[in-house]
Amino acid sequence: MFVEAGYIAIGVSFALSIYISIAALVGGIKKIPELIVSARWGLYSLPVLLLVAVAALVNAFVANDFSVRYVAENSNLAMPQQYTWVALYAGNAGSLLFIAIVFSLLAVIAILSIRKSLPHSTPYALGLMALVLTFFLGIICFMANPLERLPVTPADGQGINPLLVHFGMFIHPPVQMTGLVSVSIPFSIAIGAMLAKRGGRDEWVDIGRIWGMISWLILTMGLLLGSWWAYTILGWGGYWAWDPVENSALMPWLAMTAFIHSIMVQKRRGMFRMWNMVIIIVAFTLSLMGMFINRGGPVPSVHSFAQSTMGWLFLMFMGVSLFGSLIAFLWRMDNLVSREKLESLLSRESMFLFQNVLFLIAAFITLWGSVFPVLASVINDTTVTVGEPFYNVVVGPILLIILAVMGIGPFFPWRRSTRRNIYRAIRVPIAAGILTAIIIIAVGIRQPVAILAFAVCGVAAAGIFNEWFRGTRSRMRKKEPIWIAFTKLIASNRPRYGGYIVHLGILMLAIGAIASSFYSTQRDIIMQPGETYEVGDYSISYIDSTEKKYSDRDEFIGEFKVTKGDEDLGMMYPKQSFYREFRINATHAAIRSNPIEDFYIIPSQFSDDGESIFRILLNPLVWWMWAAGPVMAIGTIFALSPQKRLSTNLISKKEKVSL
């Protein structure tokens with residue numbers, strides 16, 4: 001009965017989402033408050049209905065109810081009980097249900113946050129959010145219902161993909177899916193304001209920025225968690241391969257990064273109104289493209305965890321959404337004229353614009369590289385692979401320029417400046433970059449690209465710390481102790497200094513990526529138990545290997561004693577699991593990590609005679625990449641934390657309507 005109740009709840013949710021879409025949009029256009037109120041309360045009820053469906057599916061997994069097709073396809077009796085949550089979104093049908101309930105919750109929170117401050121835009125934003133939900137729920141109802149019954153109940157299920165049996169599966173997929181669908185919230189708020197003819201009033205900018213930053217943070221965490229997951233389980237020693245599924249979240253992340261920077265110019269100067277609408281439309285379109293790739297469309301990927309043919313529906317929805325958004329943009333363009341113009345290329349506004357263009361160029365190049373193999377196959381019947389070298393050569397320099405602009409951009413004043421003043425402002429970061437290059441060369445690094453990359457990092461770091469230093473020194477002149485001066489400084493303008501904390505996290509990420517990309521050491525070795533091998537300063541002794549048999553897999557575990565000089569680093573246990581049913585090897589690397597380098601052991605092959613093959617890697621500064629995540633999260637949360645607002649409410653009391 002519980003399964004049937006969930007099945008009915010999904011159908012009711014779909015019908016209700018259609019009503020909400022129509023009622024909200026008609027109520028907004030015809031100015032019918034009763035329709036708007038009913039649509040709003042309808043939205044509030046959707047998470048409850050979808051929770052019933054999710055609870056029914058979870059209960060089916062816990063009870064091993066293999067009469068439910070999705071349960072039979074994504075679990076078995078041997079699956080650990082704790083992976084029930086993972087199995088919920090391990091396949092297409094379950095992941096769509098997860099997306100639907102998460103987005104319904106986000107939509108409810110968003111409408112509650114804008115209902116009073118944006119009364120004219122709320123009906124349109126509500127209608128757009130409901131349309132997105134209608135799309136997801138329609139697919140669930142008619143193509144991928146996770147609560148569909150099988151005609152014959154099997155004795156056991158097929159089991160979950162072995163590569164998904166990892167701690168990262170608990171957090172990475174749900175965070176990444178949430179990040180992709182969360183882009184719909186700032187998109188709906190922005191387009192809703194535009195449809196309500198309020199796009200030129202900038203009243204939506206503050207809340208649009210907040211939701212843009214929330215979406216950006218979720219996407220950021222999803223990308224980092226995915227990289228960490230690949231680094232620890234896929235057994236290749238890397239964390240980013242420019243695979244289309246990886247790119248699917250990177251593309252909207254780049255666009256959202258452009259948006260949250262550009263929206264600050266609109267808030268401060270009333271500029272870039274049309275440009276910001278274009279950016280958020282692009283970001284939303286790229287998020288749908290990301291979901292299309294994740295749904296197992298024709299774009300080839302080595303680790304798309306859900307394969308199906310429904311990707312084409314996402315592509316069609318993306319096309320319709322893009323077309324409709326552009327028509328709406330052209331229709332309301334007259335209401336988006338900026339009140340200020342770009343006065344000089346030597347200004348902070350121009351730096352924001354230049355950086356935005358670079359972000360979008362990087363996003364479109366990534367998109368082109370992801371879909372080009374499909375286009376080549378369709379047009380010329382040619383098999384083409386676009387791999388890491390292409391992106392490193394084409395996108396890498398763009399990201400370096402963005403990093404440099406991040407360092408010097410804040411030193412450009414608003415409106416206009418002179419070349420002399422700009423030179424005086426950026427000479428410290430430039431000097432720091434030159435000094436960094438000299439130090440890098442002095443320690444023995446000779447690769448020109450690496451030297452340039454670290455020098456750019458030096459420019460960016462100097463820009464951040466110089467801003468903090470100058471502000472703190474200014475407050476210390478008022479006889480404030482250094483720590484009080486610094487604390488009051490960053491608290492005085494949380495969006496600005498929270499942004500600098502985020503930039504510091506980006507810098508940490510860049511340093512780790514540059515060092516590990518250029519100076520990783522790799523050795524493939526064949527060892528017998530009792531043998532010792534030297535790699536750099538490390539000495540590894542292969543003690544033995546053990547085999548453990550389980551009902552669904554065979555595990556082979558290597559045992560190593562590792563020392564570095566006179567320091568005993570203890571035992572390390574790389575593992576390889578062979579899943580008999582799936583004919584898949586799942587590799588779990590043994591990693592000893594510190595801020596200087598990672599010592600990384602990957603088992604490649606275990607033989608019956610004891611001889612085994614291992615890959616040893618020394619990856620410098622990778623630790624800083626994972627540490628960058630909490631830093632960026634802290635910076636974003638700090639930038640979003642409540643502060644006395646300087647902007648005034650742009651909606652007069654007479655304009656407000658009771659909804």
Side-chain angles (χ1 to χ4, degrees), residues 10-30 32 35-47 49-50 96-97 99-111 114-115 118 120-144 177-178 180-196 204 208 211 215 252 277 280-292 295 310 312-329 331-332:
I10 291 174
V12 173
S13 298
F14 174 61
L16 184 58
S17 66
I18 295 175
Y19 170 76
I20 296 168
S21 306
I22 296 171
L25 293 174
V26 172
I29 294 170
K30 298 295 185 180
I32 306 175
L35 270 181
I36 299 171
V37 171
S38 68
R40 181 156 48 83
W41 281 102
L43 178 70
Y44 296 163
S45 66
L46 276 178
L49 288 168
L50 292 173
L96 287 171
L97 180 59
I99 288 173
I101 189 170
V102 166
F103 184 65
S104 68
L105 289 168
L106 290 174
V108 167
I109 297 170
I111 293 302
I114 69 173
R115 182 171 66 89
L118 301 177
H120 301 284
S121 306
T122 296
Y124 297 94
L126 172 57
L128 291 170
M129 294 177 199
L131 283 173
V132 174
L133 266 172
T134 300
F135 169 70
F136 287 119
L137 291 171
I139 292 181
I140 294 172
C141 279
F142 299 109
M143 291 191 65
M177 287 187 287
T178 302
L180 287 171
V181 77
S182 69
V183 178
S184 304
I185 300 296
F187 167 81
S188 299
I189 293 172
I191 301 300
M194 183 177 70
L195 291 174
W204 67 275
W211 278 103
S215 176
M277 286 294 175
I280 197 62
I281 290 171
V282 169
F284 177 66
T285 303
L286 290 176
S287 71
L288 293 177
M289 171 59 77
M291 285 186 255
F292 161 65
R295 290 312 97 191
M310 71 175 63
W312 291 106
L313 289 175
F314 282 82
L315 191 63
M316 291 173 59
F317 183 62
M318 182 188 74
V320 171
S321 300
L322 177 60
F323 179 77
S325 299
L326 293 178
I327 292 298
F329 174 76
W331 181 34
R332 297 300 195 200

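Along the sequence shown, residues carry numbers from 1.
- Partners of Ser38 by side chain to side chain contact (heavy atoms under 4.5 Å, CB included), not counting sequence neighbours, listed by chain and number: Tyr19, Ala23, Leu35.
- Between Leu50 and the options Leu105, Val12, Ile140, Leu97, a side-chain contact (heavy atoms from CB on, under 4.5 Å) holds for only Leu97.
- Checked against a 6.0 Å centroid threshold, the rings of Phe135 and Phe314 count as neighbours.
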Inset, instruction - Test side chain to side chain contact (heavy atoms under 4.5 Å, CB included) on Cys141 and Ile10 and set out the steps. - result: CA-CA 7 Å; Cys141 279; Ile10 291 174; 3.6 Å; yes

Inset, instruction - Mind running side chain to side chain contact (heavy atoms under 4.5 Å, CB included) on Leu43 and Leu46 for me, showing each step along the way? - result: CA-CA 5 Å; Leu43 178 70; Leu46 276 178; 4.2 Å; yes

Legend entry - Pair Ile281-Ile191, side chain to side chain contact (heavy atoms under 4.5 Å, CB included): steps then yes or no: CA-CA 8 Å; Ile281 290 171; Ile191 301 300; 3.9 Å; yes

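- Taking CZ of Arg40 as the reference point, atom CD1 of Ile20 lies at 12.0 Å (rounded to 0.5 Å).
- When each of Phe103, Trp204, Tyr124, Phe284 is checked for a ring pair (Phe, Tyr, Trp, His ring centres under 6.0 Å) with Phe187, only Phe284 meets the rule.
- With sequence neighbours excluded, the residues forming a side chain to side chain contact (heavy atoms under 4.5 Å, CB included) with Thr134 are Phe14, Ser17, Ile18, Ser21, listed by chain and number.
- No donor-acceptor pair under 3.5 Å is formed between the side chain of Ser121 and the backbone N or O of Leu118.
- Rounded to the nearest 0.5 Å, atoms OG1 (Thr285) and CZ (Phe292) are 14.0 Å apart.
- The side chain to side chain contact (heavy atoms under 4.5 Å, CB included) check on Leu106 picks up Val102, Thr178, Ser182, Ile185, Trp211, with sequence neighbours excluded.
- In this structure, CG on Leu195 lies 6.0 Å from CG on Leu128, to the nearest 0.5 angstrom.
- Between the side chain of Ser287 and the backbone N or O of Val181 there is no donor-acceptor pair closer than 3.5 Å.
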